[in-house]
Engineer: 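Here it is: the structure, laid out below.
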Amino acid sequence: MSQGVGRVGRPRQQSPNFRASAHFSNSDHTSMEEEEEVEAQVSEQQPSLSKPLQLHPRPEDLVAKAIAPVKRDFLCPPPSSRPNTSSEGTHGGASMAKNSNGGSSSNVVKEKKSRRQLKRERQQEKKSAAHICPEVAKAGNASACRYGSNCRFSHDIEAFKAQKPADLEGTCPFFGLQGSCPYGLACRFSGSHEVDAHVEALSSKQKHSELNGLKKDIQKLLWKNKLKFPKTDVRLKLLGLLDKSKTKKPEVKKEENNQANLNGHCAASEVKEEGGDPASPNGHNSNSVSNGDEVVCEPVNEIKHCTEVLVEEGLGDDALESNDLQPLKKTKVSQDENHLSKERVDEPSPFEENFEENDKCSVQDAAATDVLSSEADGASLKLHPREKKLIDFRGKLYLAPLTTVGNLPFRRVCKELGADITCGEMAMCTNLLQGQASEWALLRRDSSEDLFGVQICGAYPDTVARSVELISQECEIDFIDINMGCPIDIVVNKGAGSSLLTKPMRMKNIIEAASAIVEKPLTVKVRTGFLEGRNRIDSMIADISKWGASALTIHGRSRQQRYSKLADWDYIYQCARKAPDTFQVLGNGDVCSYLHWNKHLSDCPQLSACMIARGALIKPWIFTEIKEQRHWDITASERLDILKDFTRCGLEHWGSDSKGAETTRHFLLEWLSYTCRYVPVGLLDVIPQQLNWRPPSYFGRNDLETLMASDSAADWIRISEMLLGKVPAGFSFAPKHKSNAYDRAENG
């Protein structure tokens, strides 16, 4: 196997004495120009004799510079020109991408096409022989499709076979387990469908099933925006957080003008603490909804008054956010409640009886109920923490939700290597509520994931609460995690992710609204703060527990840091010590070995566990190392077996046809852009490897290990071809992740 084109290429070396001896033996016949040229060559190569003394500093000095201290015997000179396809050089739509031959192609400005033209091209592409009808491919008969000539796909079996790529080596991942393959002729392992010898061997394997698929009828209701969220509507109504889009922005009027127009409903923004509502029979400040002779009391104003006081007293980010949102919310509540009162008189809601009973009980038992005893949450109907199902995170190995690479096949591999808790990729609430199939695919769960959660991200309480209600009804999950620490620009600019760290009142509203709807544990993931040097989670951690969260994960970096510099574990310890005893706190950042895991848990016993993120991407066997308490000097062949497992799981998840195989290849290449950072234990002078170390140019102990150490996309493609065959013509790849950005200009 030839060497890679990345940092692992060895230049051909020549002895400097060869040219020197030739020079002295032919000195009489050599001109002065030739002598100067030879002397220059000798002088250029002469310093190379002393390079080992200058280029190989002590391991301690290398560690101080964040360079991996690789043993001298495995070091090689760096390549003359570093390719622009390394994992740090092609972030965010890079201008260069490697093709299958290792060459680079510059960005070509493409002609912008209209939507109609793109749709026409997609339809024509589906009619090509490469896109055979799934029903025809499965049955092997052109007449199997019920749409006949009106089908969008091709029915020409012979033309499909003529252009189909050669079958991949191995056996079909479906045929041996199910007795048939859902892809039929389109399967890249169709040649093994007729071989009965493999059926018995494969039938002994455990059959994996996937859960949490979106039902078609629910998706259609989401498309038409006709799906109802009764729990969310009642909860938002109690908190005064109704959807802005349902009503126009009203004008905020004085108390005298509102009393006559609200039909007995008091305006929360103008009610005084000692006056009360004159329309209320008991003189207390409450909103009432009439239903015949009965009156349902909805104590919204107590919460609104508390938030109003917080707004008046707040002088920082809280005041800014609350001043522009709170008056609008208060007036909207009054209008929506008037509208609801008319509807309820004509047609009682099925939730009204339960609401009346709960309200009466809350009034009678207000002194004995923990939830109603709080002034700020006096009207909250959320479940008591003891009534919720809890998850004990203590001592469990938690695989972090990882965008793009933390897909279902990768989580299956980590489960086989020892992970205890897994979590799906981050899903945006707005996309979930729109019924986007690609977003709902992020919530899918494998049957091997015995303790599984989903992570969602949203900017507003109504969207997050509706997503939580929908997920709890349609998906089988163990917990829901709300991401309030994502540093990606497109998320932050929409007011979600780490942008919420600057808006604690909105954080409060989101957590309170979501935690009261779902019976499953609700966890939150945050960063230390938005700007570097301005940490604020330690002052909020007790409040986050009161708002209804069951656990909190703290990534020890600010949003401004992104993934640069080391995680601040001292600050994570500080937050964990300030947390209530029943509130679980998890740390996240730079865990790359079992020694890191042991150190964090021993330094701070209040810490429940550590979430493992990039450490699992670089070396997924870290879970095995932690459980066995050892450094695993894994061989290249064992690493290749892990990649084979991922490929098998990917084909089962995305499909064994050409489209599924190429999707598997794409996510495999994304993962290889992380695994190339791993330096084998046997090659290091200092162990364990740190997450911020930059590997130098080095040789592996064999050709395969050398190939896996390459940071060139061309070599990653070569590894994928060992598992998934040759890449299609015109294939190119550039890594998606952007892990080293420090946004100084944007964030000050």
Side-chain angles (χ1 to χ4, degrees), residues 64 66 316-318 393-396 398 400-402 455 481-488 492 497-504 506-508 511 523-547 549-593 595-616 688 690-693 739-744 747-748:
D317 297 327
D318 306 1
F393 292 96
R394 295 188 179 278
K396 291 184 173 61
Y398 188 173
L402 302 165
Q455 186 182 73
D481 185 70
I482 301 179
N483 190 320
M484 296 185 177
C486 179
I488 302 176
V492 173
S498 57
S499 175
L500 293 171
L501 298 176
T502 64
K503 305 170 184 178
R506 190 180 294 182
M507 289 179 63
K508 173 181 182 292
I511 298 174
T523 63
V524 180
K525 188 171 188 291
V526 297
R527 286 180 172 242
T528 59
F530 193 86
L531 297 177
E532 186 178 2
R534 298 180 63 181
N535 300 332
R536 62 185 313 171
I537 297 300
D538 58 323
S539 61
M540 300 172 58
I541 192 165
D543 294 330
I544 294 176
S545 175
K546 294 179 182 178
W547 296 338
S550 300
L552 178 69
T553 302
I554 305 174
H555 185 174
R557 292 182 175 89
S558 64
R559 189 264 173 176
Q560 187 178 11
Q561 286 180 254
R562 302 274 181 128
Y563 295 94
S564 63
K565 301 186 179 181
L566 295 176
D568 188 356
W569 278 92
D570 291 334
Y571 182 73
I572 296 177
Y573 301 158
Q574 178 184 348
C575 295
R577 296 185 181 103
K578 288 186 177 182
D581 295 337
T582 58
F583 190 59
Q584 301 185 77
V585 178
L586 294 83
N588 174 226
D590 302 340
V591 178
C592 200
S593 72
L595 295 180
H596 299 149
W597 171 278
N598 295 345
K599 180 180 184 301
H600 297 323
L601 294 186
S602 61
D603 290 350
C604 182
Q606 295 84 357
L607 204 63
S608 298
C610 298
M611 180 183 285
I612 304 174
R614 286 185 297 165
Q690 304 295 325
L691 203 60
N692 66 326
W693 285 358
S739 60
N740 278 2
Y742 183 84
D743 204 352
R744 296 179 186 273
N747 299 316

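Atoms considered below: every heavy atom in the structure, side chains included; atoms not considered: hydrogens, waters and symmetry mates.
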Engineer: Applying side chain to side chain contact (heavy atoms under 4.5 Å, CB included), name anything that partners Ala609, two or more places apart in sequence or on another chain.
Structural biologist: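 Here the qualifying residues are Leu586, Trp597.
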Engineer: Any side-chain to backbone donor/acceptor pair from Arg527 onto Arg562? Under 3.5 Å, distance only.
Structural biologist: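 Yes.
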Engineer: Only counting residues at least two apart or in another chain, list the ones meeting salt bridge (Lys or Arg N to Asp or Glu O under 4.0 Å) with Asp543.
Structural biologist: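 Asp543 satisfies salt bridge (Lys or Arg N to Asp or Glu O under 4.0 Å) with no other residue.
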Engineer: Quick one: salt bridge (Lys or Arg N to Asp or Glu O under 4.0 Å) partners of Lys396, sequence neighbours excluded?
Structural biologist: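 Testing Lys396 for salt bridge (Lys or Arg N to Asp or Glu O under 4.0 Å), a comparison that skips the adjacent residues, returns none.
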Engineer: Can you name the residues that form a side chain to side chain donor-acceptor pair (under 3.5 Å) with Thr528, not counting sequence neighbours?
Structural biologist: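 Checked Thr528 against side chain to side chain donor-acceptor pair (under 3.5 Å); matches are Asn535.
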Engineer: How would you list, by chain and number, every residue that makes a ring-ring contact (aromatic ring centres under 6.0 Å, His included) with His596, sequence neighbours excluded?
Structural biologist: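 Once residues adjacent in sequence are excluded, His596 has no partner under the ring-ring contact (aromatic ring centres under 6.0 Å, His included) criterion.
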Engineer: With sequence neighbours left out, what residues match Asn483 under side chain to side chain donor-acceptor pair (under 3.5 Å)?
Structural biologist: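 Residues passing side chain to side chain donor-acceptor pair (under 3.5 Å) with Asn483: Gln455.
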Engineer: Under the side chain to side chain contact (heavy atoms under 4.5 Å, CB included) test, which residues partner Leu500, sequence neighbours left out?
Structural biologist: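 Expected list: Met484, Arg506, Met507, Ile510.
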Engineer: Only pairs at least two apart or in different chains count here, so list each salt bridge (charged side-chain N to carboxylate O under 4.0 Å, His left out) that has a residue in residues 568-588.
Structural biologist: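 Passing the test, one end in residues 568-588: Asp538-Lys578.
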Engineer: Look at the rings of Tyr398 and Phe393 and say which category their plane angle falls in: under 30° parallel, 30 to 60° tilted, over 60° perpendicular.
Structural biologist: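 Tyr398 vs Phe393 ring planes: parallel.
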Engineer: Is a side-chain donor or acceptor of Arg559 paired with a backbone partner of Pro487 at a separation under 3.5 angstrom?
Structural biologist: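 Checking the backbone N and O of Pro487 against the side chain of Arg559, a donor-acceptor pair under 3.5 Å is found.
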Engineer: Report yes or no: does Thr523 contribute a side-chain atom to a donor-acceptor pair with the main-chain N or O of Leu552 at less than 3.5 Å?
Structural biologist: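 The answer is no, because no donor-acceptor pair under 3.5 Å joins these two groups.
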Engineer: Could you pull out all residues at least two apart from Arg557 that satisfy salt bridge (Lys or Arg N to Asp or Glu O under 4.0 Å)?
Structural biologist: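 Asp590.
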Engineer: Going by side chain to side chain contact (heavy atoms under 4.5 Å, CB included), name the residues that satisfy it together with Ala66, two or more places apart in sequence or in a different chain.
Structural biologist: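 In terms of side chain to side chain contact (heavy atoms under 4.5 Å, CB included), with neighbours along the sequence ignored, Ala66 is linked to Asn692, Arg694.
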Engineer: Just jot down the side chain to side chain donor-acceptor pair (under 3.5 Å) partners of Ser499, sequence neighbours excluded, or say none.
Structural biologist: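 Testing Ser499 for side chain to side chain donor-acceptor pair (under 3.5 Å), a comparison that skips the adjacent residues, returns none.
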Engineer: Report the residues that fulfil side chain to side chain contact (heavy atoms under 4.5 Å, CB included) with Ala400, sequence neighbours left out, ordered by chain and then residue number.
Structural biologist: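 Applying side chain to side chain contact (heavy atoms under 4.5 Å, CB included) to Ala400 gives Leu402, Met611, Ala613.
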